[in-house]
Structure formats: C-alpha cells, structure tokens
Amino acid sequence: MASSSPVLHLFFLLLTLFFATTSAVHHRRIASHNYRDAFTKSILFFEGQRSGKLPPNQRMTWRRNSGLSDGSAMKVDLVGGYYDAGDNIKFGFPMAFTTTMLSWSVIEFGGLMKNELGNAKTAIRWGTDYLLKATAQPDTIYVQVGDANKDHACWERPEDMDTERTVLKIDRNHPGTEVAAETAAALASASLVFRKSDPAYSRVLLKRAIRVFAFADKYRGSYSDGLKSYVCPFYCSYSGYQDELLWGAAWLQKATRSRTYLNYIQANGVTLGADESDNTFSWDNKHAGAKILLSKAFLVQKVQSLHDYKGHADSFICSLVPGAPYSQTQYTPGGLLFKMDDSNLQYVTSTTFLLVTYAKFLTKAHKVVNCGGAIVTPRRLRTIAKKQVDYLLGDNPMKMSYMVGYGSRYPKRIHHRSSSLPSVSAHPAKIDCGSGFTFMHTENPNPNILVGAVVGGPDGHDHYTDERSDYSQTEPATYTNAPLVGTLAYLAHSFGQL
C-alpha cells in the first residue's frame, strides 16, 4: 500500500488542479469583461476634462493648463472645474450633477474601490473646489464660464482658447432653482465622501450646501428663463426645478440627519413630484434618483416616515424590467436600453447605477420588488445592469467597446476638441479658432486618446458611426462617466477583480 501512495497523491493533485482550472475558466467565462480595467479608466477620463492649473501628478499628460483667467470678467476666481464634454465651456448644472454622481458612487461602493478610491476622491474634489468658488458669495452662484454659441463656432484646444469667457450667474433677482439645488446636492453628497478622510473640508462643504439649498428654495425660478440664450438648447432645464429640490433635500437629509430636511421632504414630496412616473434619470431629471436615495432611508435606516419611497422606487424599477407588467422602457434589437438618439449612453450609465444601488438596499432589507404580481429580485436587477454594461464594453452587434481605450476596438474619432487636435507638446504653435476645423474634418484617428471616455453611443438600431461630426454618437460627457464609476466598482468586486 505504501508504494501506491505517491500515485494516489499525484492523482489527487491532478484532480485538484483540474477543478481549480475548470472553476477559473468558469469564473472567467462569467466575467465576460475586465471590469477592473474599465473601472480604472472610467475615473482616469476626468483628468482629460480638467480646466485650470493642472497638478504635477496629472496622468493625462497631453493636456496642459487652460482657462487660467476664468472669472476675471466679473472679478471673481472661477479657475478650475470640468469641461462638460467635447467643447471648452464650463456649465455649472451638469458639472454639479457629475460631482453628485461621483460622490454617490463613492458613498455606495467606495469600500470596494481599493487603490482607486484616492483617484475617485480627487475627481470629486476637482469638482467641489470649483463649486465652492462658484458659491462663495451668498445668494449668488456663477453657473457658466464661456459662451457656447461662440465656442461651438471654433474648433480649438482649451489651451488655445481665445473666445469670450462670458461669466453667467444666478441671484435673488435672476433665480435658478434647479442649478442651485443640484449644486447643494453636489456639496452635501461630497461632504459625506470626505467626512472621515478630511473632516474640516467636509464641514466646509456641508455648511455651504445648507446655505445654497436655502437660496434655491427661497428664490424659486428656472435658470432657463433668465439665461435662455446662453444655456438653451445646451443644458436647458426641461423637467422644471421640483426634482432638484427633492433631490437636494434628500442629500441634505442624508448629510445632516436633521429633522429639518425630513420634515421638508414629508411636507413637499408630492408637490415636488415624488409620485410622478417619469422613468428617466439624467442631469436634467432627478426624480428617479431621489426616489432610490430616499428609499434607502426607509429600507436600511428604517425611517418609517419615508415608507412611500419604496413604492415610488419600485414603480421606477418596474418600468425598466423587460417583460414585466408596467414595463415601458424601449430596448434596441441588441438589448441596449434606449431613451433617445442624442447621447443615449448617459441614460444607460445612470440607470444601471440605480439598479445596482437599489439591489444593494433591497438585499440589506431582505426585500424584493413586486411588479403587478411579477416578483423581481435584487439579483435580477444586477443581471439587467450587468447586461447593459457588457453591451457598452463590447457585447453588442457592432462588436465594439463604447469606452475609449478599453478593448481592442473602440471609437477612434470622438467629437472632442483637445483629443482630436495635436497636443501642445506635439504642436507648440497656437491653433486658432478656424484652422482647427481642418483636423476636425479629417478621417484620421484622434492623436490623443481620451482614455475611459464613454461616447454618446449607438442609435436605436444598434448602429454606430465613428465620425467626429456626429456629436450625438461620438461625444463623451462627464455625466455619462460619473454613474458608471460606481457600477464598474461593484462589478469588478463581485467578479473578484478588485
């Protein structure tokens, strides 16, 4: 018997190796993508969108300082912040939403982010440092730097900008409730991100958030009315400002844990649209996000007075689930959630974030969603979210990734000025407003790879044209990437990649 033990030992060793290999193969088969790689890149993208003086550790090295005199037209310091998309304008409304969604990503999934948590916080702080400057004066918010109409008539690097850096503001006489309340949401959510790592900064953010929300609520009016020729059609508020007031109050309730905001939500929730059935979550419409956020207070923190928000959140979820009663969401033949032709992937990333986040809350509370008798589990929500992310990363009829720099086939001619023009180091001479269009109209791939940028995406028939001029499909935006950061952190962790 003793002589056969090495043979037995070898047999068991081979058996162990066989099972280890098959399980590894099985694991790889399920994790159809390198979510960790996509996650890392989704955060790196924000460095390519920076305005202002760049730090020594800037990783997107083809970018240089820009907009260093922003605000000087009004004798204020508005240097910094983010360019919203492929142009050189700083729009306060989408920038604040971007900051809120980056913060929410870290609040829910920061514990899974490992080495990338620092980069995620840096991305948030680049936004909040600017928003603090924009809100430095009481009852005033600087909401835009640059004239979009003049800027869009040029194709030039932010480093070469010579168009007017018009400064726009809202105040008591020219209110802008939606942008003010979104700014309050951004500051309040970020205060939670920095509460432990930088308590002094967190306190500054929260104090400012409280002041800004009070201004938003007291002086009501749409910023699209007063600033129409500047903000429309770019970031016109179509959904009104009620959703931002509910959303801002929800974030302040979470950040302060004060009865003040809880009472405000209870008294005003319905008039602010808590039970409206809109099922689009975006920089313009925050209702769905507010419902999910407030349902957490009920499901996880057991705030009984917010009981109704579980029902409101469930209604939103039921509208998304394919084949369920009350489902009202369109999907492309290839399976992509489809809202509209213009930058559709922004709705995909924001919705998938709400799906994985709500699944987290439901799991903690041991609850499910009942869609007219059809039971929808947290696992089903995660499956739907994963399918959308997998489509975005390459599992689609075009067999291409819609994240720049991820996978072997991705958009090469994105609608983005600094990515499409030669960098300052490659071409030190200034490229003026008009001559940049010669680069814009070439078929050449962009010389600078804006790693991590998620483009607008394909049309309703899964078709994508990689042409710089087609901005609805090829332009990236900060608010498309921001919610994806949290979803990718969750997926990377759940497949053992983080």
Side-chain angles (χ1 to χ4, degrees), residues 37-51 59-60 62-63 66 81-91 93-95 97-99 101-102 105 123 126-127 148 151-152 155 157-158 234-235 282-283 336 339-350 352-353 388-389 391-394 396 398 400-407 409-421 423 439-440 445-459 464-488:
D37 182 46
F39 165 59
T40 300
K41 288 170 174 169
S42 71
I43 301 174
L44 177 59
F45 157 75
F46 288 94
E47 296 194 16
Q49 295 301 114
R50 285 172 170 173
S51 180
R59 295 177 294 168
M60 208 76 92
W62 47 269
R63 283 294 323 283
S66 62
Y82 289 113
Y83 301 116
D84 69 302
D87 54 20
N88 301 326
I89 305 295
K90 294 193 306 209
F91 292 99
F93 194 24
M95 198 196 306
F97 178 68
T98 294
T99 307
M101 291 312 296
L102 277 172
S105 289
W126 197 269
D151 178 88
H152 288 184
W155 195 264
R157 304 178 292 206
F234 316 102
Y235 293 102
S282 69
W283 58 264
L336 182 69
K339 291 282 176 191
M340 59 183 73
D341 280 316
D342 194 358
S343 303
N344 180 61
L345 285 180
Q346 65 174 300
Y347 307 108
V348 175
T349 60
S350 60
T352 50
F353 177 83
Q388 294 302 308
V389 174
Y391 181 111
L392 188 155
L393 295 178
N396 56 62
M398 296 291 289
M400 77 183 291
S401 152
Y402 292 112
M403 176 185 280
V404 174
Y406 176 86
R409 187 165 182 251
Y410 54 81
K412 299 289 199 296
R413 287 174 281 276
I414 65 170
H415 182 96
H416 193 277
R417 285 158 179 76
S418 57
S419 169
S420 67
L421 291 160
S423 67
F439 295 93
M440 195 269 194
N446 288 7
N448 310 307
I449 299 174
L450 186 60
V451 176
V454 177
V455 294
D459 64 19
Y464 179 81
T465 311
D466 192 16
E467 285 176 17
R468 228 170 266 118
S469 56
D470 188 356
Y471 62 85
S472 66
Q473 291 201 349
T474 63
E475 188 170 20
T478 54
Y479 46 85
T480 303
N481 268 62
L484 187 60
V485 168
T487 308
L488 286 171

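Not one N or O on the side chain of Arg413 forms a donor-acceptor pair closer than 3.5 Å with the backbone of Thr474. Checked by atom type and distance alone, the side chain of Asp459 never pairs as donor or acceptor with a backbone atom of Asp341 at under 3.5 Å. Side chain of Arg417 to main chain of Asn88: no donor-acceptor pair is present (N/O by atom type, distance under 3.5 Å, no hydrogens or angles). Distance alone, capped at 3.5 Å, places no donor-acceptor pair between the His415 side chain and the Ser469 backbone. A donor-acceptor pair under 3.5 Å links the side-chain atoms of Gln346 to the main chain of Ser343, judged by distance alone. Side chain of Asp466 to main chain of Pro411: no donor-acceptor pair is present (N/O by atom type, distance under 3.5 Å, no hydrogens or angles). Between the side chain of Asn448 and the backbone N or O of Ser418, at least one donor-acceptor pair lies under 3.5 Å. Checking side-chain atoms of Arg63 against main-chain N and O of Pro158 turns up no donor-acceptor pair under 3.5 Å. Gln388 places no side-chain N or O within donor-acceptor distance of the main-chain N or O of Thr352, the cut-off being under 3.5 Å. Side chain of Glu475 to backbone of Gly86: a donor-acceptor contact under 3.5 angstrom is found.
Atom-to-atom distance recorded for Leu484:CG and Leu102:CG is 10.5 Å, nearest 0.5 angstrom. We find the CZ-OH distance between Phe93 and Tyr235 to be 11.0 Å, quoted to the nearest 0.5 Å. The structure places CG of Leu488 at 9.5 Å from OG1 of Thr40, a figure rounded to the nearest 0.5 Å. Going from atom OG1 of Thr99 over to atom OH of Tyr479 covers 13.5 Å, rounded to the nearest 0.5 Å. In this structure, Ile89 CD1 and Asp151 CG are separated by 3.5 Å, a value rounded to the nearest 0.5 Å.
Using a 4.5 Å heavy-atom threshold, the side chains of Pro447 and Trp62 count as separate. Within the 4.5 Å cutoff, the side chain of Ser419 has heavy atoms near those of the Asn446 side chain. At a threshold of 4.5 Å between non-hydrogen side-chain atoms, the residues Val404 and His416 do not count as touching. Side-chain atoms of Ser420 and Arg468, non-hydrogen and from C-beta on, do get closer than 4.5 Å to each other. In this structure, Thr349 and Leu392 have side chains that are in contact, with non-hydrogen atoms separated by less than 4.5 Å.
Here the shortest heavy-atom pairing between Pro458 and Gln473 reads C-NE2, 4.0 Å. Minimum interatomic distance between Ser105 and Ala482 (heavy atoms only, all atoms of both residues): OG-O, 3.2 Å. The two atoms that bring Leu393 and Met403 nearest to each other are CD2-CB, 4.4 Å, heavy atoms only. Tyr83 and Ser51 make their closest contact through OH-OG, 2.9 Å (heavy atoms, listed as atom of the first residue, atom of the second, distance).
Judged by the 6.0 Å and 45° rule, Lys41 forms no cation-pi pair with Phe39.
Residue Tyr347 places its OH atom among more than 12 non-hydrogen atoms of other residues, nucleotides or ligands, all under 6.0 Å distant.
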Requested in this report: Output, in order, the C-alpha distance, side-chain angles, deciding distance and verdict of side-chain contact (heavy atoms from CB on, under 4.5 Å) for Lys90 and Tyr82.
Outcome: CA-CA 6 Å; Lys90 294 193 306 209; Tyr82 289 113; over 6 Å; no
Report task. Tell me, with the steps shown, if Gln49 and Leu450 meet side-chain contact (heavy atoms from CB on, under 4.5 Å). Result -> CA-CA 9 Å; Gln49 295 301 114; Leu450 186 60; 3.7 Å; yes
Query - Steps toward side-chain contact (heavy atoms from CB on, under 4.5 Å) verdict (Asn396, Tyr402) - result: CA-CA 10 Å; Asn396 56 62; Tyr402 292 112; 3.5 Å; yes
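Taking the six-membered ring for Trp, Phe46 and Trp126 have ring centres at least 6.0 Å apart.
Tested against Phe45 for a side-chain contact (heavy atoms from CB on, under 4.5 Å), the candidates Thr480, Val485, Asn481 yield a single pass: Asn481.
Ring planes of Phe234 and Phe91: tilted class, angle from 30 to 60°.
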